[in-house]
Number of protein chains: 2
Amino acid sequence: MRRMVVPRSSSLIAQLRRGVLEYCVLAMLKSEERYAFDLVRALAEATGMETSEGTIYPLLSRLRRDGTVETTWQESPSGPPRRYYRLTTKGSKALKEFREEWIRFRDAVDVLLEEG
Amino acid sequence: MRRMVVPRSSSLIAQLRRGVLEYCVLAMLKSEERYAFDLVRALAEATGMETSEGTIYPLLSRLRRDGTVETTWQESPSGPPRRYYRLTTKGSKALKEFREEWIRFRDAVDVLLEEG
DNA sequence: CAAGGTACCATGCGCCGCATGGTAGTGCCG
DNA sequence: CGGCACTACCATGCGGCGCATGGTACCTTG
């Protein structure tokens, strides 16, 4: 997979991520449960979206409050315990609905940008 | 009880639009100059993006401040005078740069959402 | 035991889409 | 003519979310 570097210093990027990053996280959790620190690394590796803990933790807290993810504490072989996140049924449904919304939105933007 | 309008500002769509709507407007102005009221209609017609004056006017004010658009007043055949907006060189350049940023971002999201 | 890596978290700022509400010009109908 | 609807402009404030900042604590290593 080609690596797409998205610098976090640009505020344009931060604006683009609004309303999307949340579902990128849900998508990352679809196949396997992960802990926050790992999510930051995995997101960067998979998509080039370089986020930070300051982004991820408040986001995950909100997802937990919304009931789209649930968590379990697990011991680490070395280091402090980790809180593992996984999708709930609600989260899985939300992700599915977002995918359709995203496709509509993406196509609308593509049409506009490609004209001319 | 008064009818309460569910605010779009907190909706999924409103979040998605962040950082994008601005460039959709620039894209609409690429081929021809338009006035704000018309832009709302044209955006809805061309892409299904239903915005409102409360969105468009503050946005256009910002674009003008940033120097990405410039305006001229023109008489209307019927009704109050219209402020017509058109792209500046700076605006055209910004639009072009955004297009590349958008493609990177879009592809990254697509990869994530399509996995699994 | 000090230092550094790992891992957690709360809090506040800034941006921008949107709702709200206001002003004014034109045209139509009773 | 008076009133209303439509067009067209605009300023202001709220709310949500990405991000920076800064803090705590566990474990390993020198």
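Everything numeric here is computed off the predicted structure, so don't read it as measured data. A, B, ... follow the sequence lines: proteins, then strands. Residue 1 opens every chain.
Other members of the cluster containing A/Trp73 do not exist, because no ILVMFWY side chain is joined to it at under 4.5 Å.
Put simply, CG on B/Leu59 is 9 Å from C1' on C/dG17, counting in whole angstrom units. In this entry the distance linking CG of B/Leu39 with P of D/dA8 reads 12 Å, nearest Å. Spacing between atom CD1 of B/Ile56 and atom P of C/dC16 amounts to 14 Å, rounded to whole angstrom units. The distance between atom CD of A/Gln74 and atom P of D/dC26, rounded to the nearest whole Å, is 19 Å. Rounded to whole Å, atom C1' of C/dC16 lies 14 Å from atom CG of B/Leu16. Remark: P of D/dC9 and CG of B/Leu60 are 9 Å apart, rounded to the nearest angstrom. Here the C1' atom of nucleotide D/dG16 and the CZ atom of B/Arg17 are 16 Å apart, to the nearest Å. Rounding to whole angstrom units, CD of residue B/Glu75 and P of C/dA24 are separated by 17 Å.
Shown here are the side-chain hydrogen bond (donor to acceptor under 3.5 Å, both in side chains) partners of B/Tyr84, two or more places apart in sequence or in another chain: B/Arg82. Residues satisfying the ring pair (Phe, Tyr, Trp, His ring centres under 6.0 Å) criterion with A/Phe37, sequence neighbours excluded, are absent altogether. In terms of the side-chain hydrogen bond (donor to acceptor under 3.5 Å, both in side chains) criterion, residue partners of B/Thr71 (sequence neighbours excluded) are, by chain and number, B/Arg83. For B/Tyr85, there are no ring pair (Phe, Tyr, Trp, His ring centres under 6.0 Å) partners two or more places apart in sequence or in a different chain. Not counting sequence neighbours, the partners of B/Glu32 by the salt bridge (Lys or Arg N to Asp or Glu O under 4.0 Å) test are B/Arg34.
Within the structure, salt bridge (Lys or Arg N to Asp or Glu O under 4.0 Å) contacts touching residues 43-59 of chain B (residues at least two apart or in different chains) do not occur. Applying the salt bridge (Lys or Arg N to Asp or Glu O under 4.0 Å) test to pairs two or more places apart or on separate chains, those with a residue in residues 101-111 of chain A are A/Glu101-A/Arg104, A/Arg106-B/Asp110, A/Asp110-B/Arg106. Every pair passing salt bridge (Lys or Arg N to Asp or Glu O under 4.0 Å) that includes a residue from residues 63-76 of chain B is listed here, sequence neighbours excluded: B/Glu70-B/Arg86.
Stretches of at least 3 consecutive Watson-Crick or G-U wobble pairs, with each checked distance under 3.5 Å, appear in DNA chain C as C:1-30 with D:1-30.
Clustering ILVMFWY residues whenever any of their side-chain heavy atoms sit less than 4.5 angstrom apart, transitively, puts B/Leu63 in the very cluster that holds A/Leu12.
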For every nucleotide of nucleotides 9-15 of chain C, 5' to 3': is a protein heavy atom under 4.0 Å from its base (B), only from its sugar-phosphate (S), or from neither (-)?
BSB--BB
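Put simply, the side chain of B/Ile56 reaches to within 4.5 Å of the side chain of B/Val25, judged on heavy atoms.
For B/Thr55 and C/dC18, the shortest distance from a side-chain N or O to OP1 or OP2 is below 4.0 Å. The phosphate of C/dA19 has OP1 or OP2 within less than 4.0 Å of a side-chain N or O from B/Ser52.
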Between the protein and nucleotides 2-7 of chain D, are there any N/O to N/O pairs under 3.5 Å, and if so, what are the atom names and distances?
none

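Of the two residues near DNA chain D, A/Pro81 and A/Glu22, the one whose nearest nucleotide lies more 5' is A/Glu22.
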